[in-house]
Participant: 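Once you've had a glance at the structure underneath, I'll fire off some questions.
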Amino acid sequence: MASAETGDQALSARRRKAQGAVDRMLGVVPWYNGLPDAEREEIRASLRLVSLRTGEYLFRVGERSPGWYGVVDGLVKWSSGGADGKTLSLAGFSTGSWFGEATMIRGARFDYDLVALRPSRVVILPRDTCEWLWNHNIEFTKALMEHLAERVDWLMASYTGNVLLDVDTMVARAVAAQLAAESHSGTDGRLKISQEEIASLCGVSRQRCNAALTRLARAGVLQTRYGGLTILDREALDRYAKTDRKFGPAPARTA
């Protein structure tokens with residue numbers, strides 16, 4: 001009996017810890033905090049938490065969208081495979097990022113994959129809750145439309161980047177995207193992201209990514225450290241990334 005009680009207590013503690021992580025993530029999401037109390041309570045009660053191991057897929061091509069996704073912690077990659085076996089790395093989403101709104105709104109099936117690059121936790125806001133909110137709350141609808149507009153802008157920049165940009169710019173854009181995604185977390189320019197993860201987000205080899213990071217470090221833009229990067233000059237990073245500070249996910253390149 002004591003063993004069973006201890007197991008139940010441990011399970012309850014893990015659940016409280018997970019729910020606390022969700023609450024912390026939601027606490028810095030502008031669109032969520034701009035909603036009335038009743039809507040926030042509805043959203044919080046509707047969220048479903050999914051834990052992913054490194055290399056585990058959240059969904060694959062052809063699966064139907066259940067709702068809108070938000071990253072509680074970790075790093076996941078949006079990618080698409082071609083008939084020739086090549087993979088197009090489309091975006092990286094880290095803590096506080098929301099994605100999948102276009103597929104959800106269309107009620108369609110996914111035409112891309114989503115895989116965890118490190119242990120990650122993601123929440124799903126069901127489509128029926130989203131549909132009720134966008135029919136009854138203009139602030140939620142505006143937030144959703146802003147996400148869509150930013151995604152369109154990013155896709156245009158992604159296409160340009162895939163055709164025209166060199167590796168240094170691609171890597172700088174990937175780093176700038178993660179810095180923007182984590183700006184609410186109080187990281188003070190310190191990013192917990194490995195060089196291997198950056199290479200995966202850019203769709204380039206680790207060797208080419210490392211060479212680009214070395215050049216950016218020599219230029220005083222950033223400093224590499226064990227387990228991550230420290231951004232030393234944000235304006236210089238924006239210049240190398242060829243972007244203004246309003247920036248979305250990392251651009252794409254075929255691997």
Side-chain angles (χ1 to χ4, degrees), residues 11-54 56-59 65-78 91-104 114-130 132-134 137 139-148 150-151 154 174-194 197 201 227-228 246-250:
L11 180 60
S12 296
R14 288 196 296 271
R15 286 175 176 170
R16 286 195 299 271
K17 185 176 180 180
Q19 294 307 315
V22 174
D23 289 335
R24 286 192 297 275
M25 186 270 280
L26 290 174
V28 294
V29 174
W31 66 260
Y32 175 80
N33 289 289
L35 296 175
D37 290 345
E39 275 82 350
R40 289 204 302 272
E41 291 175 5
E42 176 71 21
I43 288 171
R44 186 66 186 85
S46 299
L47 290 175
R48 180 165 66 91
L49 181 64
V50 178
S51 296
L52 301 169
R53 299 181 299 274
T54 300
E56 186 175 0
Y57 284 85
L58 179 62
F59 53 75
S65 170
W68 200 17
Y69 294 87
V71 181
V72 176
D73 48 41
L75 180 65
V76 297
K77 183 176 75 168
W78 170 19
F93 300 110
S94 56
T95 303
S97 299
W98 288 79
F99 61 92
E101 58 277 349
T103 306
M104 174 194 68
L114 204 293
V115 65
L117 296 183
R118 68 172 76 139
S120 304
R121 288 182 291 188
V122 176
V123 288
I124 304 172
L125 182 61
R127 188 182 190 279
D128 56 354
T129 303
C130 289
W132 185 89
L133 284 166
W134 75 54
N137 188 286
E139 293 304 319
F140 179 83
T141 304
K142 286 168 61 178
L144 204 57
M145 293 304 102
E146 286 175 4
H147 269 271
L148 280 169
E150 289 173 3
R151 199 76 69 205
W154 168 76
V175 172
Q178 295 310 304
L179 183 64
E182 298 187 24
S183 61
H184 61 272
S185 302
T187 58
D188 196 28
R190 293 173 62 87
L191 298 178
K192 185 180 178 182
I193 185 168
S194 69
E197 288 170 338
L201 292 176
K246 190 176 181 181
F247 195 76

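The analysis underlying the following values was restricted to heavy atoms, covering all of them including side chains, and did not include hydrogens, waters or symmetry mates.
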Participant: For side-chain contact (heavy atoms from CB on, under 4.5 Å), just list the numbers for Gln178 and Leu201, CA-CA rounded to whole Å, side-chain angles, deciding distance to a tenth of an Å, and then say yes or no.
Facilitator: CA-CA 10 Å; Gln178 295 310 304; Leu201 292 176; 3.9 Å; yes
Participant: Does one side chain, of Ser65 or Thr103, offer a donor that lies under 3.5 Å from an acceptor on the other?
Facilitator: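 There is no such pair (donor and acceptor under 3.5 Å, judged by atom type) between the side chains of Ser65 and Thr103.
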Participant: Measuring from Thr129:OG1 to Glu39:CD, what's the distance to the nearest 0.5 Å?
Facilitator: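 Thr129 atom OG1 to Glu39 atom CD measures 11.5 Å (nearest 0.5 Å).
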Participant: Does Leu114 reach the side chain of Tyr57, with side-chain heavy atoms less than 4.5 Å apart?
Facilitator: no
Participant: Taking the six-membered ring for Trp, are the ring centroids of Tyr69 and Phe93 within less than 6.0 Å of each other?
Facilitator: no
Participant: So, Trp31 versus Trp68, ring centres under 6.0 angstrom or not?
Facilitator: yes
Participant: I'd like to know if the side chain of Asp73 and the backbone of Ala21 have a donor-acceptor N/O pair within less than 3.5 Å.
Facilitator: no
Participant: Tell me, yes or no, whether the heavy-atom count around Arg48 atom CZ, taken from other residues, nucleotides or ligands under 6.0 Å, exceeds 12.
Facilitator: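 Atom CZ in Arg48 is not crowded, with 12 or fewer foreign heavy atoms closer than 6.0 Å.
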Participant: For a 4.5 angstrom cut-off between non-hydrogen side-chain atoms, does Leu58 reach Val76?
Facilitator: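 They are not in side-chain contact.
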Participant: Checking the side chain of Asn137 only, and the main-chain atoms of Leu133 only, is there a donor and an acceptor separated by less than 3.5 Å?
Facilitator: no
Participant: Go through the steps to decide whether Val115 and Glu56 satisfy the test side-chain contact (heavy atoms from CB on, under 4.5 Å), and finish with yes or no.
Facilitator: CA-CA 6 Å; Val115 65; Glu56 186 175 0; over 6 Å; no
Participant: Any non-hydrogen side-chain atom of Val123 less than 4.5 Å from a side-chain atom of Val50?
Facilitator: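 Heavy-atom side-chain distance check fails, nothing below 4.5 Å.
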Participant: Rounded to the nearest 0.5 Å, what separates atom CH2 in Trp132 from atom CD1 in Ile43?
Facilitator: 9.5 Å
Participant: In Å, rounded to the nearest 0.5 Å, how long is the span from NZ of Lys142 to NE2 of His147?
Facilitator: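 Result: 13.5 Å between the selected atoms.
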Participant: If you compare all heavy atoms of Gly27 against all heavy atoms of Asn33, which two are closest, and at what distance to 0.1 Å?
Facilitator: O-ND2, 3.1 Å
Participant: Counting C-beta onward and ignoring hydrogens, is there a side-chain heavy-atom pair between Arg40 and Tyr32 closer than 4.5 Å?
Facilitator: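 Side-chain contact under 4.5 Å: yes.
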Participant: Taking the side chain as every heavy atom from C-beta outward, state whether Leu52 and Pro119 have any atom pair closer than 4.5 Å.
Facilitator: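 No; the side chains remain at least 4.5 Å from each other.
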Participant: Take Arg44 and Glu41 through the salt bridge (charged side-chain N to carboxylate O under 4.0 Å, His left out) test and state the conclusion after the steps.
Facilitator: CA-CA 5 Å; Arg44 186 66 186 85; Glu41 291 175 5; over 6 Å; no
Participant: Would the distance check show the side chain of Ser120 and the main-chain N or O of Gly74 forming a donor-acceptor pair, the cut-off being under 3.5 Å?
Facilitator: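 It does not hold such a pair.
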Participant: Drop me the distance from Ile124's CD1 to Ser46's OG, to the nearest 0.5 angstrom.
Facilitator: 12.5 Å
Participant: Nearest 0.5 angstrom please: Ser97 OG to Met25 CE, how far?
Facilitator: 9.5 Å
Participant: Side-chain contact, heavy-atom cut-off 4.5 Å: Leu26 with Leu47?
Facilitator: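 Counting from C-beta outward, Leu26 and Leu47 do come under 4.5 Å.
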Participant: Show the nearest heavy-atom pair for residues Gly67 and Met104, with the distance to one decimal.
Facilitator: C-SD, 3.5 Å
Participant: Under 3.5 Å, is there a donor-acceptor pair between the side chain of Glu146 and the main chain of Ala143?
Facilitator: no
Participant: Under 3.5 Å, side chain of Arg127 to main-chain N/O of Pro66, donor-acceptor pair present?
Facilitator: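 The answer is no, because no donor-acceptor pair under 3.5 Å joins these two groups.
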Participant: Might you point out which heavy atoms bring Arg118 and Glu197 nearest each other, and give the distance in Å?
Facilitator: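 Heavy-atom minimum between the residues: NH2-OE1, 2.7 Å.
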Participant: Hey, are the side chains of Leu49 and Arg121 touching, using non-hydrogen atoms and a 4.5 Å cut-off?
Facilitator: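 Touching, per the 4.5 Å side-chain cut-off.
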